Amino acid sequence: MKKITLIKGFKDILPDDSPAWRRIESIARDVFACFGFREIRVPIMEKTELFKRSIGETTDIVEKEMYTFRDRDDELLTLRPEATASVIRAYIEHNMLSENPIAKLYTIGPMFRRERPQKGRFRQFHQLDAEVFGDEQPQTDAEVIFMLFHFLHRAGLTQLAVEINSLGCKACRPKFSEAVVAYLKDVQNALCPDCQRRMNTNPLRVFDCKVENCGSIIAKAPQILAYLCGSCQNHFTAVKSYLADLKVPCSVNPMMVRGLDYYTRTAFEVKSGALGAQNAVAGGGRYDGLVSFLGGPEVTGIGFAVGLERLLASLPQAEQAKYQTDIFIAALGDRAQKTGFSLTNELRRAGISAETDYGNKSLKSQMKRADKLNSSFTLILGDKEIDEKQAQLRNMKTKDQQALSLDNLQEKLISIILNSNECRDG
RNA sequence: UGGGGCGUCGUCAAGCGGUAAGACACAGUAUUGUGGUUCCUGCAUUCGGAGGUUCGAAUCCUCCCGCCCCAGCCA
């Protein structure tokens, strides 16, 4: 029989790894709550149109990375490649503006992009996503970046590099685009084929090209910061100054344009020194026209996404959680098995972690299993003990063994176990 | 989509044309009832798959599949 395996680029998170994930998620919930963010859970699938409109038709994500398929009623659906679009859709759909002029939302979950996998890049990956709607003040930009920085720091990330840039607004960006196109026209033939195409479809994307020659051409291209309109300039200056107040170490990268079309004004990225090729741990920015562009009210927005796989990969290896079991019931013989079965499950109902073996194996093999499960106690319960109305309770650490009469056995066990837990905790 | 590397037990592996080492893990056993150390025993008719060369292939050739890494792009 042929084995059925994982889909390429998808990963199982195994029991040894899940504690590290839970830890990150819990830190995030903690930190975000302090900043007034509330959790929203949105579907992992949306109508394809939503992503096309928000992310941009000519971005790499939409052009070649989406998992899109036709539903049985012919509707085109897409597995979300990022979360912002869905969150905005929900924000609009549930009229959240009417509840509160400012909405701060976060969500955690899987994203899907059909790229060729490599280190730190998967087809299903997880993001932690935060968005603020309805606040256009530069303090908000700084606050969001500060929160991100603080979260990553608390998660244990060192060697953080925060880069920021301003991408202008709908008033000044077009002029910049024109200037870039004009500049590129003269050197067109030296560009790689991709960039020649981008020049016409989405000129700013040329800034992301890593082809050596394009890089040196881009280095001499006009820079967005020189084209910012007055209000964008003031905004950017204010953001930088608030970030300095909050002591967020960051540098301006005038070449950073980001891969999603919807960004305006502030854009930022956090890179980790511990990662290698795919080193962006988090990225985000402001998207002031997007909500109304998707049919919602005129509210501004800003947000970021953290790549959890990359975050975890740049953390030192976490200690693996061992099995912890309060008591193992070693039952020998048919009658003892029957009692052991109920006893084990009753103990569990009482909040005790209990294990047993239904296979009626030898005492030795059951003791081995108890040891492997790291159990504090083992109750030896054979047909002999049933006849004598006394079970043996063995403390696995001290090897002390005491006889317990079967009357009120469950209550006695519970009190002994709780007692020993107290000693251990204290 | 292009480039590179790799596929031998659950895991890590040796073997490189003569008929699958070893270690860990797992299971069992040591006067049918006492663990973590120890002893012994078991554990790949088969080497990612399909063809081909050969008396003989995990080892050579061809094609296919899969995984990993790199580039583009991004989390």
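To find a chain, count down the sequence lines: A is the first, B the second, and so on, and within it residues start at 1. This structure is a prediction, so every number in the text was calculated from the model and none was measured. Worth knowing before you read on, the calculation uses all heavy atoms, side chains too, and leaves out hydrogens, waters and symmetry mates.
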Participant: Which nucleotide wins on minimum distance to the side chain of A:Lys361, given the candidates B:C73, B:G28, B:A27?
Facilitator: B:G28
Participant: Looking at every strand, decide which applies to A:Glu269 at a 4.0 Å heavy-atom threshold: base, sugar-phosphate, or nothing.
Facilitator: nothing
Participant: Hey, does A:Met111 reach any base, or is it just sugar-phosphate, or nothing, if we go heavy atoms under 4.0 Å?
Facilitator: nothing
Participant: Expressed as a whole number of angstroms, how long is the span from A:Arg310:CZ to B:A75:C1'?
Facilitator: 5 Å
Participant: Could you go through the side-chain hydrogen bond (donor to acceptor under 3.5 Å, both in side chains) check for A:Thr325 and A:Asn374 one step at a time?
Facilitator: CA-CA 6 Å; A:Thr325 310; A:Asn374 210 0; over 6 Å; no
Participant: Salt bridge (charged side-chain N to carboxylate O under 4.0 Å, His left out) with A:Arg116: which residues, sequence neighbours excluded?
Facilitator: none
Participant: Specify the residues of residues 82-89 of chain A, ordered by number, for which at least one heavy atom lies under 4.0 angstrom from an atom of RNA chain B.
Facilitator: none
Participant: If you find the nucleotide of RNA chain B closest to A:Ser375 and the one closest to A:Arg123, which residue's nucleotide is nearer the 5' end?
Facilitator: A:Ser375
Participant: If you measure from the P atom in B:G52 to the same atom in B:C47, how many Å do you get, rounded?
Facilitator: 16 Å
Participant: Nearest to the side chain of A:Gln127, heavy atoms from C-beta on, is which of B:A75, B:U34, B:C73?
Facilitator: B:A75
Participant: Atom CG of A:Asp357 and atom C1' of B:U34: how far apart are they, to the nearest Å?
Facilitator: 15 Å
Participant: For this output row, return yes or no: ring centroids of A:Tyr106 and A:Phe37 closer than 6.0 angstrom.
Facilitator: no
Participant: Measuring only the P atom in each nucleotide, how far is B:A25 from B:C40? A whole number of Å is fine.
Facilitator: 15 Å
Participant: Select base, sugar-phosphate, or nothing to describe what A:Ala282 touches, counting heavy atoms under 4.0 Å on all strands.
Facilitator: sugar-phosphate
Participant: Please report the distance, rounded to the nearest Å, between CD in A:Gln124 and C1' in B:A75.
Facilitator: 13 Å
Participant: How close or far is atom P of B:U29 from atom CG of A:Leu363, stated in whole angstroms?
Facilitator: 12 Å
Participant: Whole-Å distance between B:U11 C1' and A:Leu14 CG?
Facilitator: 13 Å
Participant: If you check the A:Lys368 side chain, which of B:U29, B:A75, B:U34 turns out closest?
Facilitator: B:U29
Participant: Has the side chain of A:Glu115 got a donor or acceptor atom sitting under 3.5 Å from an opposite partner on the base of B:A75?
Facilitator: yes
Participant: Salt bridge or not between A:Asp387 and A:Arg335? Use side-chain N to carboxylate O under 4.0 Å.
Facilitator: yes
Participant: Could you give the distance separating B:C26 and B:C9 at their C1' atoms, to the nearest angstrom?
Facilitator: 11 Å
Participant: Which nucleotide, if any, forms a Watson-Crick or G-U wobble pair with B:U32, using both distances under 3.5 Å?
Facilitator: none
Participant: Give me the distance, rounded to whole Å, that separates B:A20 from B:G56 when you measure between the C1' atoms they each carry.
Facilitator: 15 Å
Participant: Does the pair A:Arg348/A:Glu355 count as a salt bridge with the N-to-O cut at 4.0 Å?
Facilitator: yes
Participant: Distance between the P atoms of B:U19 and B:G10, in whole angstroms?
Facilitator: 24 Å
Participant: Considering just the side-chain nitrogens and oxygens of A:Lys64, establish if one lies under 4.0 Å of OP1 or OP2 belonging to B:U1.
Facilitator: no
Participant: Both distances under 3.5 Å, Watson-Crick or G-U wobble: report the partner of B:U19, or none.
Facilitator: none
Participant: Whole angstroms only, please: what is the CZ-C1' distance between A:Arg369 and B:G35?
Facilitator: 13 Å
Participant: Which value, in whole Å, describes the distance between the C1' atoms of nucleotides B:C60 and B:G18?
Facilitator: 14 Å
Participant: Work out how far the C1' atom of B:C64 is from that of B:A27, and round it to whole angstrom.
Facilitator: 38 Å
Participant: Given that A:Ala305 and A:Asp371 both sit by RNA chain B, which one's nearest nucleotide is further toward the 5' end?
Facilitator: A:Asp371
Participant: A:Arg116 has an atom CZ; how far is it from atom P of B:C68, in whole Å?
Facilitator: 11 Å
Participant: Applying side chain to side chain contact (heavy atoms under 4.5 Å, CB included), run through A:Met147 and A:Phe304 and close with a yes or a no.
Facilitator: CA-CA 10 Å; A:Met147 177 173 88; A:Phe304 64 77; 3.9 Å; yes
Participant: How are the rings of A:Tyr67 and A:Phe10 set to each other: parallel, tilted or perpendicular (split at 30° and 60°)?
Facilitator: perpendicular
Participant: Which whole number of Å gives the distance between the P atom of B:C67 and that of B:G51?
Facilitator: 23 Å
Participant: Could you give the CG-to-P distance, from A:Leu393 to B:G35, as a whole number of Å?
Facilitator: 17 Å
Participant: For B:C70, does either OP1 or OP2 sit under 4.0 Å from a side-chain N or O belonging to A:Gln118?
Facilitator: yes
Participant: Which base, if any, makes a Watson-Crick or G-U wobble pair with B:C67, both distances under 3.5 Å?
Facilitator: B:G5
Participant: Given the structure, check if the side chain of A:Gln392 and the base of B:G33 hold any donor-acceptor pair shorter than 3.5 Å.
Facilitator: no
Participant: So A:Lys271, base contact, sugar-phosphate only, or nothing? Heavy-atom distance under 4.0 Å.
Facilitator: nothing
Participant: Nearest to the side chain of A:Ser365 - B:C26, B:G35, B:G28?
Facilitator: B:G28
Participant: State whether A:Lys364 places a side-chain N or O below 4.0 Å from either non-bridging phosphate oxygen (OP1 or OP2) of B:G35.
Facilitator: yes
Participant: Checking contacts here: which listed nucleotide (B:C26, B:C73, B:A75) is nearest the side-chain heavy atoms of A:Lys372?
Facilitator: B:C26
Participant: Of all the nucleotides listed (B:C67, B:G33, B:G28), which has the minimum atom distance to the side chain of A:Leu332?
Facilitator: B:G33
Participant: Any strand is fair game: report the nucleotide pairing with B:C60 by Watson-Crick or G-U wobble, both distances under 3.5 Å, or none.
Facilitator: B:G52
Participant: Spell out, as yes or no, whether a donor-acceptor pair under 3.5 Å connects the side chain of A:Asn165 to the backbone of A:Met256.
Facilitator: yes
Participant: Do A:Arg394 and A:Asp400 sit within salt-bridge range, that is, some charged N less than 4.0 Å from a carboxylate O?
Facilitator: no
Participant: Within the 4.0 Å heavy-atom criterion, would you say A:Gln366 contacts the bases, only the backbone, or no part of the nucleic acid?
Facilitator: nothing
Participant: Distance check: side-chain N/O of A:Lys11 vs OP1/OP2 of B:C68, anything under 4.0 Å?
Facilitator: yes
Participant: Inspect the contact between A:Asp30 and A:Arg154 and indicate whether a charged nitrogen and a carboxylate oxygen are less than 4.0 angstrom apart.
Facilitator: yes
Participant: So, for A:Phe328 and A:Phe377, is the gap between ring centers shorter than 6.0 Å?
Facilitator: no
Participant: Can you tell me the Watson-Crick or wobble partner of B:C47, both distances under 3.5 angstrom?
Facilitator: none
Participant: Using Watson-Crick or G-U wobble geometry with both distances under 3.5 Å, which nucleotide pairs with B:A27?
Facilitator: B:U41
